[in-house]
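Data first, discussion second: the structure below is written as structure tokens.
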Amino acid sequence: MARGHLRVMLGAAPGVGKTYAMLEEGKRLKALGKDVVVAVVETHGRAATAAMLEGLEVVPRRAVEHRGVELTELDLDAVLARAPQLALVDELAHTNAPGLENAKRWEDVEVMLDAGIDVMSTVNIQHIESLNDVVEQITGVQQRETIPDAVLRRADQIEVVDLAPQALRDRLAEGVVYPAARVDAALSNYFRLGNLTALRELALLWLADEVDSALQRYRAEHGIAGKWEARERVVVALTGGPEGETLLRRGARIAARSAGGELLAVHVTSQDGLREATPGALAAQRALVEQLGGSYHQVVGSDIPRALVEFARGENATQLVIGVSRRSRLAALLTGPGIGSTVVRESGDIDVHIVTHSRAGGRFSLPRPRGGLTTRRKVYGFALALVGGPLLTLLLVTMRSDESMTADVLSYQLLVVIVALVGGIWPALFAALLSGLTLDYFFVAPLYTITIAEPLHLVALVLYLIIAALVSLVVDQAARRTRAAQRAAAEAELLATVAGGVIRGEDALQALVTRTREAFGLTGVRLLDGDEVVSTDGEPADSAHTQRIAVGDRGTLDRAARHLEAADHRVLAAIVAQIGAALEHRELAATASELGPLAEADRVRSALLAAVGHDLRRPLAAATAAVTTLRQRDLALSEADREALLETAEDSLAGLATLVTNLLDVSRVQAGVLGVSLAPTELDDIIPAALEELGLGPAKVELDLPEGLPPVLADGVLLQRVLVNLLGNALRFSPDGRPPVIAASEFGGTVQLRVVDHGPGIPGERREAVFLPFQRLGDTDNDTGIGLGLALSKGFAEGMGGTLEAEDTPGGGLTMVVSLPAATTATAATGAATEETP
């Protein structure tokens, strides 16, 4: 019997519509004449999903008793006896109740497939075994139900049922996914926008990798060697040199330009393992590859260019990134074309990026302001004269005749001109003198003697030397001007760089110090502001070999002592001036950052004085008036009037005491000296105390507190103050008939206490402002305090190691969420769990 086919609907999270899509496809196939049955489907109370079952045959479930509770599971025997063409099996990763033949539902599916039954199933990305730890890092929830990757990879067809994260949150808020009582906690915990976005990306990337593996298998089976640009694959060649980080970052940027781009780094070692490399640098670059989201590979090959190209072709790479050669021109001339040239020639249809870097051809440095030609060129000139002269003489002697004299002289003249072009005036004069003597000895009668019989021969020799000197002088002057132009261009580039560094701000100092060391070829440079080391580059020498240069009023620049030319001192002075400007910019920025808190403190102080001037005066005036009236003996006050006056005085003084307490608490919070005593605290003790303090009965507040909620690590007095403040605000803005709700939930070791109202809410742009001192909604209501309640509540929550955040209430209103660490780990729930546990 042929094995059945497995088709899987893959989703990023519960509620995206996997089960609905499976049932919809089952109905479509049934309409086409296929025998379809529903083996097991979990509707989770969703009306739309339950409605899709109409018209489909449902195999009755099997009842299993576990610990006194009756559970219903997939009846494998009944499905096998029914033997449909297609069975719909929901939640592939589900754990069966103890006592059944198979522990997992995917094992039941394997039995169906072996029996020749096609199966369509569903699974969420969090249940794939290899992604379990990644999902836990994202969501903070450990998934206990997983499915081996191999089971899913054997599926004949995998489809992603996709839904935008915000659309899924909208479905949650509308009550489509979970009951209303679970919506708030779900939106704030597992179904946060960032969590859903990360899970969605994880699902899409996992499927993309599966498609890529299938593509590689197809190419291997059909012998396809050419690249298929299904997506960008960038291979970066690493040598172990210091340029590796530059190449990796460039490769990562290239890969990031296309969706799904992949970065691979490769290092080629010789077969004997003796090729030079820096293990420390390679280890650091390997760590950088992993940070950039790429993979590191190491291959063995004697021919580096061929090994690189073969690796790139094997990985179906579209781009190959290599560094420009660090060899000198002479080394390239002597050893032939480098790796870069060979890779470009053999790469074929793979694009090759040759990236320049700071190590190519040496570091950025100023040309030395010396003579027109370098010593190396002069040495080459003398060597050419010593080697070229004898070789030319040997050639001309073999061809000597009575008519060849003119050609012989011109040949030696050409040699002198070539030596002048290479080495300048002194090698050219040396070559002219040698060639003149050689002409006289080998080609001018009498032969083989240094004798000038004719005066015209002497004139010819002098003219010969003059021509050589003039040509050499022209070459030397051209070299001097070229070198001066290079020096000027290098100075202009250096000064432009340091000027731009000052404009860029706080990161400029390190760039300036690095440029200084490179420009003058120093071993180390260190910048100090007073006694503080601001920036350093290289390895500064000891004090005996260090020169100190003043920078501004307090700064100093320490550089390794090396002789500098006059032109170097001029450029160095310009750089020091720019460094001084950067230090001044740094000091001004530091001063500005210090003024910010002062300005904020001044604003708070002004608001405090305004609040004291108004809000303190009002209860004082009321209490004073009441007491003054009571003390007047000539007034005939009834008992009711006296009671009213006493109540006014009492309320005013109580309000005054509360106001002063709040002001003192705000000052302690802002000064960072809030006294907090943390201990395990039960919410069941705090919430009733807060309700009693506000004088609220059961009809004024709705409670939604689950059983088994762990205690929180908090200061009971401060937590009660927080709850009183939040609940007071909620009561003030809640409409009639819709009392505020106090709800709690536990998630990932954190307990969240939520105070929910259905009032006007707060616009998103005002969310942060409401937690500042002396802020009221609209800043116009003078009868509701001075705006310290939320500021105090946030300070208290953060002082206890928690947070206070404002969120929208589904359907309108404001929800204040207090998050505090749980004092104990919640006991894991017993029994079989489902994919909907988040």
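Under the 4.0 Å criterion applied to side-chain N and carboxylate O atoms, Glu57 and Lys30 are not assigned as salt-bridge partners. Taking a cutoff of 4.0 Å between a charged side-chain nitrogen and a carboxylate oxygen, Arg3 and Asp114 qualify as a salt bridge. Glu73 has no carboxylate O lying under 4.0 Å from a charged side-chain N of Arg61, or vice versa, which leaves the two without a salt bridge.
With values rounded to the nearest 0.5 angstrom, Arg171 atom CZ is found 13.5 Å from Gln166 atom CD. Here the CG-CG distance, from Asp108 to Leu113, works out to 11.0 Å after rounding to the nearest 0.5 Å. Expressed to the nearest 0.5 Å, how far CZ of Arg249 lies from CD1 of Ile254 amounts to 14.5 Å. A distance of 10.5 Å separates CG in Leu726 from CG in Asp757, rounded to the nearest 0.5 Å.
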**Study point:** Steps toward salt bridge (Lys or Arg N to Asp or Glu O under 4.0 Å) verdict (Glu807, Arg754)
**Key:** CA-CA 10 Å; Glu807 298 178 353; Arg754 313 170 69 82; 3.1 Å; yes
Exercise for review: Test side-chain hydrogen bond (donor to acceptor under 3.5 Å, both in side chains) on His127 and Glu91 and set out the steps.
Suggested key: CA-CA 10 Å; His127 297 299; Glu91 298 182 7; over 6 Å; no
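Residues Asn96 and Asn102 bring no donor and acceptor atom of their side chains to less than 3.5 Å of each other.
With a 4.5 Å cut-off on side-chain heavy atoms, Val16 and Asp162 do not count as touching.
Nearest heavy-atom pair, Ala312 versus Ile350, reported as atom, atom and distance to 0.1 Å: CB-CD1, 3.8 Å.
Crowding of Arg738 atom CZ: a count of heavy atoms from other residues, nucleotides or ligands under 6.0 Å not exceeding 12.
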